[in-house]
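Here's the structure, in structure tokens; my notes come after.
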Amino acid sequence: MNANLKVYNTLSRKKEVFEPLNAPFVGMYVCGPTVYSDPHLGHARSNINFDVIFRYLTYLGYKVRYVRNITDVGHLTDEVSDAGEDKIQKKAKLEKLEPMEVVQQYTNSFHQMLKKINVLPPSIEPRASGHIPEQIKITNEILQNGFAYESNGSVYLDIEKYATRYAYGELSGRNTEDLLEGTRALEGQEGKKNAMDFALWKKASPEHLMRWDSPWGEGFPGWHVECTAMSTKYLGKQFDIHGGGMDLQFPHHESEVAQANACFGCNPAKYWLHNNMVTINGQKMARSLGNFIAAEQLFIGEHPLLERPYSPMTVRFFILQAQYRGTLDFSNEALIAAAKAYKKIINGLKAVKKLAQDPEKPIATNEALNEEIVKLCEDCFTGLNDDFNTAAAIASLFNLLKKINSFSTLATDVHTISIDTFAQMQKTYIDVVENILGLVEEKITDSDGFIHNLLELYSEAKAQKDYPKVDKIRAYFKAEGLLIKDSKTTVDWQYEE
RNA sequence: GGUCGCGUGGCCGAGCGGUUAGGCUGAGGUCUGCAAAACCUCCUACAGCGGUUCAAAUCCGCUCGCGACCUCCA
């Protein structure tokens, strides 16, 4: 466990020391996607950011229960007026599919992307449609607590009433009175007392496909109530972390806070974490804006804005090179730089795994170097502890990598650092890269034996000074995206950067 | 219009009162049959204008520019 971890809490607008409600257990809920189309770079970012948070908390020794939902019902194209259509249903009609077929297709697509970018599965991945009774129950309780009203088969949360006890807007920094005032003019929203009121349950129109029985007639749950139902079911009325994209802060998360207060009398989460957006030409990437690049397009390079394909790990690295609370601008130049840097990290991983100190050889400790390496190892965690600053952690990693490479090329004798420091260096690099940042080697080829044999031929040719042959073998490697590394005593290969 | 946030070197992107961020690109060097890789060195920026301070990219004010949320969006 680590008392040094600080996280930025949207609720307080400050960095706070992370202290779980019931250590060593940590409950974390993150809003997943509405599955009506293929996931894009923005989804990749959010999922990677929270994946690292999940991984790091686990690494620190916490027993994390990570719940990430799939929204497969109730999310409308327009939440304010009653004119909105269910996003899943709209897509289903368009493609002449069952709504659940749409859900399955894009859930699969989402999972495929996550697997490629090495995002760990959550502990529980509940679906909104699988929790209708729970959502009805919560709606009922809010109704009984007097914070909601029924109107023509729908149930709405009564913001004006709610505001007499709680501050609607505390999470997103909004003033309840302003909100009510600003919308009071908008009359004629069927059934709502106030335009700010949001639906907990909606009556299904005759043509609506996804519908369930309820005490208020046939209908479907409102968008926000699913998260309250699923988070409290699996994590309790109060849990540690609630996360999601910044764009969900209002109204989605604000409404979740309201529902939890209205139902249980408490804010559901101690820490609210929000990741910032991926931008493209300075503008937010979003499905509704049509300026998105789907993850799969990125991997195969098929999009007018892409100069070339970028591998899943390149994308992961690109995302982690920025702190999660800042915007991250897409550009080919930045992705190309990320691709090179990623390969450098992975070549370092290969190198550090091969390094070993010979127990027969005496250790002649170079105190200055020793200290420097210990410091560099600690720096990696200083970054992570500061609100999961992966950008800072990666910077430290590169500094550490310089030392690793100098040992690897024999420029510096690995026996000049102590056994403990050597072990710490190896462990830190491997842990941070693989286990925490989740960056793994993307094998270009699995014919390791073949490579090994070719390298032997290469060495022989070199020994015989048969340079035409040497160059030819190099060319073969290059064609496969690999490089031969010569050093005084050995020959090895690595990925071309 | 309201609320909030941001503007860092050729590009991306940390830092947020005093210490080299880091990556990519570019230049030079070591090594090498030539390369590549690796290592070393260099290119030292914080939108503008004021102010606070011994000291500001970092705090305050103003100006300019950009964006997010206020329907849905990770």
Side-chain angles (χ1 to χ4, degrees), chain A residues 13 30-34 39-50 75-81 83-84 87 169 172-175 178-179 181-183 195-196 223 243-252 254 274-279 282-289 292 317-318 321-323 325-342 344-345 347-348 351 379 383 386 389-399 401-406 408-412 462 465 467 470-471 474 477-478 483-488 492-497:
Chain A
R13 273 147 234 289
V30 175
C31 290
T34 303
H40 60 69
L41 230 198
H43 297 102
R45 181 175 199 195
S46 183
N47 282 283
I48 287 169
N49 286 153
F50 285 103
H75 202 166
L76 306 185
T77 52
D78 183 342
E79 291 281 341
V80 163
S81 77
K87 292 188 170 202
S172 55
R174 265 153 244 254
N175 179 305
D178 288 352
L179 286 170
E181 210 163 291
T183 53
M196 277 320 293
W223 174 36
M246 247 174 201
D247 50 356
L248 294 180
Q249 221 177 92
F250 189 91
H252 187 55
E254 195 64 65
H274 292 98
N275 69 278
N276 215 136
M277 304 291 103
V278 173
T279 57
Q283 197 186 32
K284 172 185 167 183
M285 183 181 286
R287 288 187 282 202
S288 55
L289 292 171
F292 64 91
F317 185 87
F318 169 67
Q321 224 178 1
Q323 211 277 345
R325 282 191 296 114
T327 54
L328 173 61
D329 200 48
F330 163 87
S331 74
N332 281 283
E333 241 181 328
L335 261 310
I336 288 167
K340 291 190 181 184
Y342 156 70
K344 204 164 171 177
I345 288 285
N347 286 327
D379 282 348
D386 182 14
N389 192 335
T390 51
I394 287 171
S396 308
L397 218 43
F398 274 111
N399 287 327
L401 179 58
K402 281 185 185 172
K403 303 298 172 198
I404 290 168
N405 280 330
S406 95
S408 178
T409 57
L410 306 178
T412 309
K462 262 201 111 171
K465 296 193 193 283
Y467 294 122
V470 165
D471 291 341
R474 267 192 208 152
F477 272 74
K478 195 167 170 54
L483 285 176
I484 293 180
K485 285 171 64 170
D486 285 2
S487 80
K488 276 201 169 13
D492 201 356
W493 67 275
Q494 69 176 44
Y495 298 111
E496 190 173 22
E497 280 167 14

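All values reported here derive from a predicted model rather than from experimental measurement. As a basis for the values below, the full set of heavy atoms in this structure was taken, side chains included, without hydrogen atoms, waters or symmetry mates. Order of the sequence lines sets the chain letters (A, B, ...), proteins ahead of strands, with each chain counted from 1.
- Among the nucleotides B:C34, B:G23, B:A37, the one closest to any side-chain atom of A:Lys462 is B:C34.
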Identify all pairs in which a protein N or O lies below 3.5 Å from an N or O of nucleotides 5-7 of chain B, and state each distance.
none

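- A:His43 and A:His40 have tilted rings, their planes meeting at an angle from 30° to 60° on a 0 to 90° scale.
- Contact record, A:Met285 with A:Phe292: CG-CA, 3.4 Å, taken as the closest heavy-atom pair.
- Between A:Phe317 and A:Phe398, the ring planes lie perpendicular to each other; the angle is over 60°, past the 30° to 60° tilted range.
- Sorted by residue number, the members of residues 332-341 of chain A with any non-hydrogen atom under 4.0 Å from RNA chain B read A:Glu333, A:Ala334, A:Ala337, A:Lys340, A:Ala341.
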**OP:** Give the C-alpha distance, both sets of side-chain angles, the deciding distance and a yes or no for side-chain hydrogen bond (donor to acceptor under 3.5 Å, both in side chains) between A:Ser172 and A:Gln249.
**Re:** CA-CA 6 Å; A:Ser172 55; A:Gln249 221 177 92; 5.6 Å; no
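- A:Asn275 has no side-chain polar atom (N or O) that falls below the 4.0 Å cut-off from OP1 or OP2 of B:A74.
- Contact between A:Phe50 and A:Gly243 at its shortest, heavy atoms only, is CZ-CA, 3.6 Å.
- Evaluation of atom-type donor-acceptor distances gives no pair under 3.5 Å for the side chain of A:Asp486 against the base of B:A36.
- If you check distances only, the side chain of A:Arg474 does reach the base of B:G33 with a donor-acceptor pair under 3.5 Å.
- B:A38 atom C1' lies 13 Å from atom CD1 of A:Ile404, rounded to whole Å.
- Atom CD in A:Gln321 sits about 12 Å away from atom P in B:U25, given to the nearest Å.
- Each of A:Leu248 and A:Phe398 was assigned the nucleotide of RNA chain B with the nearest heavy atom; the assignment lying further toward the 5' end belongs to A:Phe398.
- Closest non-hydrogen pair, A:Gly282 versus A:Asp329, comes out as N-OD1, 3.2 Å.
- One interatomic measurement links the two molecules: CG of A:Asp329 to P of B:C12, which rounds to 7 Å at whole-angstrom precision.
- Listed nucleotides: B:C72, B:G15, B:A21. Nearest to the side chain of A:Asn399: B:A21.
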